[in-house]
Visitor: 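Below: one structure in C-alpha cells.
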Amino acid sequence: MGAALVGLAIALPWLVWLPFVTQSAALVLLGAIAIIGALHGWGRLVARLANRAEADAALAMQWGLAAVIAVGGIMLALRIYDAHLLLVAGIVMHSVDLALRVATVRVAVAPIWRHARYWVVPIALVIVVAVIHVLAAAGQVTARPFDDEGHVFGQIQRLIVTGGLEDPIGYPRNAQLGGHVSLSALAAVFGDARLGRIFDRGIGLTLFLLLVAMRARPRDAASAIWTTLLVVLAASFTLTSTDVLPLWIPAGLILALHATVSTAATSARAMLPIGLIAGSLWALRCELAPLGLAMVAATWWTGRTAWARDWRRVAMLVGSVVVAVGGYVIARHLAWSTVADGAGVLLSGRKWPVLLRLALAIAVSCALAPLFALATRELQDRSIRWLGIASGVAVAAIATRLVGTPPTAMQLLWPIAIAGFTVLALAVAQEPNVRRTAMIVGTFACVLVFEAQMTPGRHGWAWRTYDLMFDVQYARNLTTDRSPYAELLARVPAGERVVVWLARPDLLDYTRHEIIDLRTPRVAKVAKLDKLVHMTKARWLLVETLDDAPFATVLEKAHTVVNTGAVRLVELR
Amino acid sequence: MADRVARIASIAAVLVLGAVGLSLPDSLLVGGSAWLAFLMFVLSGWGWLVVRIARVEDPDFGLRAAWGIAGYLALAGVLVMLGISSRPVLLAAIGIGVIAFGWRELTTPAPLWRLVRDGAALARTRPVIAYVAVLLGAAVLVQVLGAIALVDRNPWDDDIAYTAFVKRLLDAGDLLEPFSFRRLAAYGGHTALQGLLGARGTVLNVHALDQGLCFGLVFLLLLGHARALRTSAFWIALVVLVLALMPDISINTASYWSGVVVFFALYRTTVAGHFVLAALVGAAACTLRQNYIPVVVLFLAFVMLAQLRRAARDGGWREAWRLQRATWLRAIGLAVLVLVPWCIAAFLSSRTFLFPLMTGTWNQGLSLGPSGWSWVDELSLFVTTAIDSQPIVIMLVVAPLIAFIDDDRADRPLLGFLVASVIGLGLLVHNFTDADPGTMWRYAFGYNLTLFLIFALEASGESEASPVRLTAIGRWVLVAALLIQLASSRTGHVKAYASMLADIRDAAHGDPSVEVEQRRHAAMQASVPAGARLLVMLDDPAFLDFGRNEIANLDVPGFASPGTQLPSFAGAEAMRAYLLDHGYRYVAFVRPERSRYAFRRGFWVWRVFNDTEFFQAMSAYAIDMIESLVQLTSSSTVLHDSDGLIALDLERAHEPAVALDPAREGERRDAFTRDLARREGLEREWSLTTRRNLVFAGGTSGLTFAQADADAQWNDFAVRDPKPTQGTPIRWMYRRLHLRVRGEQDMHLVLRGRINLKALYTRPRLDVSLDGRLLTSVTVDQTGGFTVDVVVPRSQLDGWNDLYAVFNAIGQPEREIRDLRLARLEEVTWEPR
C-alpha cells in the first residue's frame with residue numbers, strides 16, 4: 001500500500017502535461033497538484049540542506065514555498081525568472097526524493113493507516129474544501145478589476161514573458177517586494193495570468209489545511225476532533241480581501257515557522273528553513289517582516305551559546321533571510337531606478353517620521369506582546385510564547401503604520417490571527433486533559449463557525465459557498481481573452497516606451513514594448529498624473545477611460561493617434 | 001384492592017378523555033386536548049399489543065406508544081388498500097387501542113398510577129429537579145396546547161391537498177387521488193395518523209397530531225432513553241431545553257415530529273436488539289415520507305450487517321448467516337408485509353409506489369430538476385445545504401463528532417445512523433434539485449433531529465464503563481453546540497409563545513369561517529348528482545363530502561393525471577374530451593377572481609415570470625387549467641354558480657380525447673407561455689425569463705423594473721414614482737452572466753442592455769463565449785447601450801451549453817457585485833435562425 005501511495009504521489013504532479021488534459025477545470029486542478037508537488041520537491045531540498053530529513057510532507061511544502069520565493073527573487077533580480085523551470089525542477093526533486101525514500105515514506109505513513117478512522121473525516125473535508133477553493137479561485141478571474149487585473153495580473157504576465165518586473169510605476173511598491181507575484185506566476189503556467197489567483201485562495205489554503213492536519217496528527221478522538229474543527233473553521237472563515245493579497249500563504253508560513261522553531265535542532269544548518277520562511281514572509285508583504293524577524297531573533301536567543309560556536313547559527317539565520325528577501329530588494333531598486341526619483345514621492349502617501357513610528361511601535365509591542373504570551377501561560381511551550389510575542393510585535397508594527405499602509409495592511413492581521421489561533425488549538429490538541437485554554441479555544445471555534453453560518457446576506461457562509469460554486473462552474477468554461485490593445489500598439493515602433501492605464505494590462509505584449517503601468521489610484525489627479533507621465537519620459541500613452549479629466553493636461557500637449565471610443569493611443573511628443 | 005381500584009380509575013379516566021373528545025367535536029381546545037391525550041393512551045394500547053405479539057419486554061410509555069404507531073400503521077395500510085379506512089373503522093381501531101390499554105393496565109406490574117406515584121415521590125426527594133421538570137414540562141405543554149389550538153394552515157399544501165386527504169380518508173376510507181401531485185410521493189402513513197385525530201368528528205385540529213401528540217411523544221422517548229442510559233439530570237435538562245426551544249421549521253401539516261418519533265423508536269428498538277420489531281417501526285417510518293426509505297434501509301442494513309460480522313468472527317460467515325438468517329428473513333418479510341399494502345394503495349391511486357423512480361400518473365413531459373443541471377450545481381446544493389443546517393444550526397460541527405465516538409456496541413448503531421442520514425440527505429439533494437437548503441432540512445427533519453438528540457444523550461456519559469464514550473473535548477464541543485443552539489433560537493420565542501397563547505385564547509371561539517365554507521361547498525356539491533364522479537379544483541376541498549361523490553382533487557393542475565394524461569395547452573374542448581373519456585362528467589372549481597390563494601390567475605401570471613423553473617412550469621399549467629375551465633363554463637351546463645364556486649356538467653358530444661406526445665410537452669408549454677406574454681403585454685418580461693431552451697443560470701438579479709428616466713444615476717432603486725407605472729423590465733447584470741442554452745439548429749442570440757456610463761466612467765467590453773470558446777466581443781456604445789447579435793452554428797451546440805457574457809470592467813473592490821446596479825439586461829433572444 002505504501003509503495004502504491006508513493007507511486008501515485010510521484011505520478012500525480014506530472015499528469016497535467018498529458019496531452020488529453022485540455023478541459024480547463026482539469027488543467028487547473030492538476031496544475032495545482034503539480035505546483036504542490038513542486039513545492040514539496042523544493043521543500044525536500046531544503047530539508048536535506050538543513051539536515052532535517054524527518055520533516056513531514058506538509059511542513060516540507062511550506063519550506064518549499066519559502067525556497068521558491070527565495071529562488072524566484074534571485075531569478076527576478078537577474079531577470080531570468082522562469083516559472084516552468086521552477087515547477088519542473090521542483091517536481092523532479094519531488095519525484096527523485098520520493099523514489100529514494102520509499103521505505104522511509106512507508107514507515108512515515110504507517111501511523112496514518114493505523115489510525116485511518118481518525119484521518120478519514122478531516123482529510124475528506126480537506127479534499128472537498130481544497131478542490132472547491134482551487135477551482136473557485138480559478139473561476140473568479142473576473143471578480144476584482146481594479147487591483148487584480150489592473151496591477152497583479154499585469155505584473156504576472158510581465159514576469160512570465162520577460163523574466164523580470166522592470167516596471168517602475170506598476171511594480172509593487174511600499175508594502176510588498178514581489179514575492180507574491182513570483183509565486184502566483186507559477187499558476188499562470190497552466191493558463192493565463194489570471195490563474196495567479198489560485199495560489200493564495202486555493203493552493204495556500206490547501207497547504208495550510210494539510211499542515212494543520214499533519215501537525216495535529218489525528219491518532220485519537222481528541223486530535224481528530226481538533227483537526228476537523230480547525231478544517232471546518234478555516235472553510236467557514238470570511239477573508240474579505242478586495243484583491244489578490246496573500247492571506248492563507250502567510251498563515252501557513254507562520255504556522256510552519258512556529259513548527260520549525262519549536263522542533264529546531266541547534267545546528268547551524270537547521271537554521272536554514274527558519275531564515276527562509278522569515279525572509280519569504282518579508283518578501284510576500286513588508287507588514288509580516290517584524291513577525292518573521294522576531295521569530296528569527298527568538299530562535300537565536302533560545303539557542304544562544306558562546307559566540308565562538310554561535311556565529312555559524314547567526315550567519316545561517318541572517319544569511320537565509322537575506323537570500324529569501326535580497327533578490328526582491330535588488331529587483332525593486334533596479335526597477336525604481338529607471339524613472340526619476342520624484343516619482344516615488346508622487347506615489348507615496350503621507351507618513352509620520354520613521355523614528356516616531358518606530359517609537360510608537362515599540363511602545364505598543366511592549367504593551368501587546370505580554371498579553372499575547374499570557375494566553376499561553378497554561379501551556380508549557382516556550383515556542384508558543386515566542387510566537388505570541390512576535391505576533392504582538394507584528395500587530396504593533398502594522399497598527400502604528402511602521403510597516404504597510406491602511407486599509408490593506410490591516411488585512412494582514414488576519415494571517416497572524418489565524419496562525420496564532422491554530423497554533424494554540426494544535427497545542428491544546430496534544431494535551432491529554434482538557435484545560436481552560438482548550439475550552440476557550442474550542443468554544444471560540446464553535447462560535448466562529450456559528451457566526452459564519454448566521455451572518456446575513458452575501459457574507460454568510462452558505463451564500464459565499466454558493467458564489468464559490470458559481471466560480472467553479474465558470475472554471476469549467478474559462479476562455480482565453482483576445483487582446484484589445486494589440487491592434488493599437490501595432491502602430492508603436494517596437495522597443496519604444498509606452499505608458500499605459502488600462503483595464504487589462506495582462507493582455508499587453510511586454511516583449512515588444514517597454515511598458516510602464518500608471519494604474520495607481522493615488523495619482524489619479526490631473527497635476528500628479530501630468531508630472532508622472534512627464535517623468536517616465538515615454539513617447540506613447542495608451543489609456544482606457546471615458547473620463548479624460550485626469551489626463552486633461554497630458555492630452556492638451558499630445559496628439560491622439562487612435563481613439564476607439566474606449567481606448568486611446570496618444571503620442572506625447 | 002387499592003391497586004386494583006387505581007388501575008380501574010386510570011382506565012376510566014382515559015375513557016372519560018375519549019368521551020369528552022368525541023362529544024365535543026366542535027370544541028377546538030377542550031375537545032381537542034382531551035382527544036389528543038386519549039390518543040396517547042390508545043397508541044400506548046396499540047404498543048402493548050405489539051409487545052405481546054413480539055413477546056418483548058414492556059418498554060417505557062414513549063417507546064410503547066411509538067411501537068403502537070407502527071402497529072397501527074401496519075393495519076392502516078391494509079385498510080387504506082381495501083378502501084375501508086373510513087371514520088367508523090378508525091374509531092374501531094381506536095377502540096382496539098383502548099381495550100389493549102385497559103388490558104395492560106389490569107395486568108402490568110407498572111400501571112399508570114404507579115408512574116404518577118413514583119413521580120410524586122421523586123418530587124419530594126429531589127425538589128429542584130422536580131421544579132426544573134415542571135418548568136420544562138409547562139413549556140412543552142404550552143406548545144402542545146398551542147398546536148391543538150392552531151387552525152392556520154398552509155394554503156398551498158394543507159388547504160388544497162393534505163387536509164383534503166384526511167377528509168377523504170374519513171369519508172371514503174381510501175386515498176385514491178389520481179390527479180394529485182402530492183399523492184404521487186406519499187404512501188399516506190401520516191394521513192392515516194391524522195385520521196385518528198379526525199375520527200372524533202373534525203379535521204380542524206390540523207397541527208395537533210404532528211406538533212402536539214408527536215412532539216410530546218418525542219420528549220417521552222427522549223426521557224425513556226435518558227433513563228436507560230442513566231444520563232445526568234443536568235444533561236437531560238439541557239437537551240430537553242434545546243428541544244423545547246427548537247425553532248419551528250415546518251411549513252405545513254406534513255410529517256415532521258412524527259418522523260422523529262418513528263426514527264427515535266427505530267433506533268431504540270434496534271439498540272435493544274429487536275431487529276424484527278425494528279423492521280416494523282422502519283416500515284412505519286417509510287410510510288410517513290418516501291425520502292425516509294433509504295435512511296431506514298441503510299441504517300438497518302448497517303446494524304444487522306455489523307451483527308452478522310461480529311457473529312462471523314466467532315464461527316465464520318456461513319455459520320453466522322445460518323444463525324441470523326431467520327432474523328433477517330423475518331425482518332425483511334415483516335417490512336415487506338407492512339409496506340406492500342401501502343404500495344398497492346399508492347399504485348391504485350397514482351400508478352406508482354416509488355416516485356420518481358416509477359413515474360405513475362406524473363406528467364411525462366415534466367422534469368423535477370432544473371434544465372442543464374450539472375454536477376457542480378448539485379455539489380453546490382449539497383454543500384450549501386450542509387452549511388445551512390436547520391433547525392440544528394451547527395450540525396456541520398456536531399456531525400463529525402459522531403464519527404469519533406468510542407462505541408463498544410458491536411453493531412455501532414450511532415455511526416450507522418450517521419452514515420444512513422448523510423447518504424439519505426445526499427440522495428435527497430440528488431433527487432430534489434429544484435429545492436433550497438431549507439426545504440432539504442425540512443424533508444430530513446425526522447432523522448436529522450433524531451440523530452442529534454440520540455448523540456447528545458449517548459455522548460454525555462463520562463464513565464469509562466459507559467458503552468458510548470466521547471472524548472472530553474468532544475463533550476465540551478457538544479455542550480458549546482447545545483448552548484449555541486439555545487442562543488440561536490432565543491429570538492422569536494417571545495413572539496412564538498405570545499402567538500401560541502393567543503391561539504389558545506381564541507380557540508374557545510372556534511373558527512367562524514368553517515360554517516360559512518361548509519355551507520358554501522355543500523351547496524355547490526348538492527348541485528352534482530350523488531354518487532357521480534367529480535373533478536375539483538378548489539381552495540378548500542376538505543369542505544366537500546367525499547362519501548357522497550367520487551371526488552378527484554386537482555391540487556396541482558397538469559402535474560399528475562391518469563390515462564392519456566390531461567391535454568394541457570390544447571384548449572378547453574380537448575380538456576372536456578379527456579375528462580369525459582375518463583369518466584369525469586362533473587367538474588367543480590373556484591372562480592379565479594374569488595380564489596383565496598391557489599387558483600388566482602393573476603398570481604400565477606406574476607409567478608410564471610418571477611419564479612424558478614419548476615414553479616414557472618407549475619404556473620403555466622395552472623393558468624391553462626383555469627382558462628380552460630372558465631372557457632368550459634360558456635359551453636357546458638352550469639349546475640351551480642354562486643359565491644365564487646362553479647359546478648359544471650361537461651356532458652356533450654365531443655371528439656375522442658387526443659393523446660398528446662409528452663416529448664413535445666415542453667414545446668407546447670413554451671408556446672403557451674409566450675402567447676400568454678403576448679396577451680398580457682409582457683413580452684419583454686418573457687424575454688428575460690427561463691424557457692425551454694434557455695436558462696438563466698446565474699450572474700443576474702431576478703426580474704425587476706427600472707425607471708431610468710426618473711433615476712439617471714441608477715443609484716436610488718427605491719425611487720418614488722408620482723405616477724406609478726411598471727417601468728422597464730430588466731435584470732441587473734453582474735460582471736458575469738451565465739446562461740444555459742440548447743438548440744437543434746443554428747440559433748440566433750441577441751443580448752440587449754445598458755451600462756450606466758455616468759457611474760462607470762468607461763465603456764466596457766462584453767465577451768460572449770460558449771463552452772469556453774469566444775463567440776464575439778462587443779464594446780458598449782457612446783450612449784451606454786450594447787447589443788450582442790450573433791448566430792451560433794448548430795455544430796457548436798451539443799445538449800445544454802454554457803454561455804457566458806463577461807464584462808471586462810464592471811465592479812468596485814469595495815462594493816458587493818450584486819449591489820452595483822451598473823449594468824442591466826433588457827432583452828435576451830435565443831431562437832432558431
Side-chain angles (χ1 to χ4, degrees), chain A residues 24 117-118 120-122 125 128 132 142-147 149 220-222 224-226 228-229 232 236 242-243 428-429 433-434 438-439 442-443 445-447 449-450 453-454 458 461-462 465-466 469-470 472-474 476-482 484 503-504 544-547 564-566, chain B residues 374 376-377 379-380 383-384 387-389 393-394 396-397 400-401 403-406 437 470-474 476-477 480-481 484 488 697-699 735-736 738 757 760-765 767 769 771-774 777 779-782 802 804 806-814 816-818:
Chain A
S24 56
R117 180 192 155 200
Y118 299 113
V120 168
V121 173
L125 283 174
V128 170
I132 289 176
T142 56
R144 297 290 179 190
F146 291 141
D147 289 332
E149 292 167 16
D220 53 23
I225 286 170
W226 277 112
T228 308
L229 196 56
V232 171
S236 73
T242 54
D243 53 23
V428 295
N433 300 316
V434 179
M439 289 178 173
T443 309
C446 288
V447 170
V449 173
F450 171 66
Q453 284 179 302
M454 290 296 115
R458 59 185 178 264
W461 188 12
T465 307
Y466 174 81
M469 297 308 292
F470 187 61
V472 171
Q473 186 72 262
Y474 187 57
R476 300 166 69 213
N477 296 281
L478 294 178
T479 52
T480 307
D481 290 349
R482 184 174 55 82
R504 293 289 303 277
E544 184 172 13
T545 178
L546 269 192
D547 182 15
T564 65
Chain B
S374 71
V376 178
D377 297 304
L379 182 65
S380 173
V383 176
T384 49
I387 292 170
D388 201 6
S389 59
V393 282
I394 55 170
L396 210 56
V397 170
L401 295 179
F404 302 128
I405 54 161
D406 288 318
L470 182 63
T471 184
I473 188 61
W476 179 257
V477 170
I484 286 171
S488 74
R735 199 162 166 207
R736 184 176 38 181
H738 180 199
L757 295 176
L760 194 62
Y761 309 113
T762 187
R763 287 165 42 208
R765 197 183 65 249
D767 298 322
S769 66
D771 288 340
R773 278 177 297 190
L774 191 68
S777 292
T779 303
V780 169
D781 65 27
Q782 301 282 359
D802 290 302
Y804 280 93
V806 184
F807 283 112
N808 73 338
I810 295 280
Q812 299 275 357
E814 292 80 19
E816 165 58 30
I817 201 87
R818 291 193 184 87

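Letters go in sequence order (proteins before strands), and every chain restarts at 1.
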Visitor: Of the backbone (N, CA, C, O) and the side chain (C-beta and beyond), which part of A/Val447 lies under 4.5 Å from a heavy atom of chain B, both, or neither?
Guide: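 Contact with chain B involves both backbone and side-chain atoms of A/Val447.
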Visitor: Quick check: does any side chain N or O of A/Gln453 sit under 3.5 Å from a backbone N or O of B/Asp388, one acting as donor and the other as acceptor?
Guide: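 No, because the side chain of A/Gln453 does not come within donor-acceptor range (under 3.5 Å) of the backbone of B/Asp388.
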Visitor: Look up atom CD1 in B/Ile387 and atom OH in A/Tyr466, then write down how far apart they are to the nearest 0.5 Å.
Guide: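 Between atom CD1 of B/Ile387 and atom OH of A/Tyr466 there are 14.0 Å.
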Visitor: Under a 4.5 Å heavy-atom cut-off, does chain A meet the side chain of B/Arg773, its backbone, both or neither?
Guide: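 Backbone only.
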Visitor: As an exercise, state the distance from CG of B/Leu396 to CG of A/Leu125, rounded to the nearest 0.5 Å.
Guide: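 The CG atom of A/Leu125 is 7.0 Å from CG of B/Leu396, to the nearest 0.5 Å.
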Visitor: How close do B/Ala403 and A/Val121 get, counting heavy atoms only, and between which atoms?
Guide: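 Scanning both residues, the minimum pair turns out to be CB-CG2, 3.9 Å.
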Visitor: Heavy atoms only: give me the nearest B/Ala697-A/Phe470 pair and the separation to one decimal.
Guide: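 What the structure gives for the nearest pair is O-CE1, 4.2 Å.
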Visitor: Determine whether B/Trp476 and A/Thr443 make a side-chain contact, defined as any pair of heavy atoms from C-beta on separated by less than 4.5 Å.
Guide: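 Yes, their side chains come closer than 4.5 Å.
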Visitor: Hey, are the side chains of B/Leu470 and A/Ile225 touching, using non-hydrogen atoms and a 4.5 Å cut-off?
Guide: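 Contact flag for B/Leu470/A/Ile225 side chains = yes.
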Visitor: Against chain A, label B/Asp377 side chain, backbone, both or neither, depending on which of its atoms sit under 4.5 Å from a heavy atom there.
Guide: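 Interface part for B/Asp377: both.
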Visitor: What option among A/Gly442, A/Pro484, A/Ala224, A/Ser236 has the most heavy-atom pairs under 4.5 Å with chain B?
Guide: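 Counting heavy-atom pairs under 4.5 Å, the top option is A/Ala224.
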Visitor: Quick one, A/Ile132 and B/Val383 - any side-chain contact, counting heavy atoms below 4.5 Å?
Guide: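 Heavy-atom side-chain distance check passes, below 4.5 Å.
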Visitor: Just verifying a value: how many Å separate A/Phe450 CZ and B/Ile484 CD1, rounded to the nearest 0.5 Å?
Guide: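 Reported to 0.5 Å precision, the distance equals 6.5 Å.
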Visitor: Return the minimal non-hydrogen interatomic distance between A/Thr564 and B/Arg763, and the atom names on each side.
Guide: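 Closest pair (atom of A/Thr564, atom of B/Arg763, distance): O-NH2, 4.0 Å.
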Visitor: Under 4.5 Å from any heavy atom of chain B, what part of A/Arg476 do you find: side chain, backbone, both or neither?
Guide: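 The side chain, not the backbone.
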Visitor: Compare every heavy atom of B/Ile473 with every heavy atom of A/Ala438, then report the nearest pair and how far apart it is.
Guide: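 Between these two residues, the closest heavy atoms are O-CD1, 4.1 Å.
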Visitor: Identify which part of B/Val397 has an atom lying under 4.5 Å from any heavy atom of chain A, answering side chain, backbone, both or neither.
Guide: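 Contact with chain A is through the side chain of B/Val397 alone.
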Visitor: Does B/Ser380 form a side-chain contact (heavy atoms from CB on, under 4.5 Å) with A/Gln473? I'd like the steps, not just the answer.
Guide: CA-CA 10 Å; B/Ser380 173; A/Gln473 186 72 262; over 6 Å; no
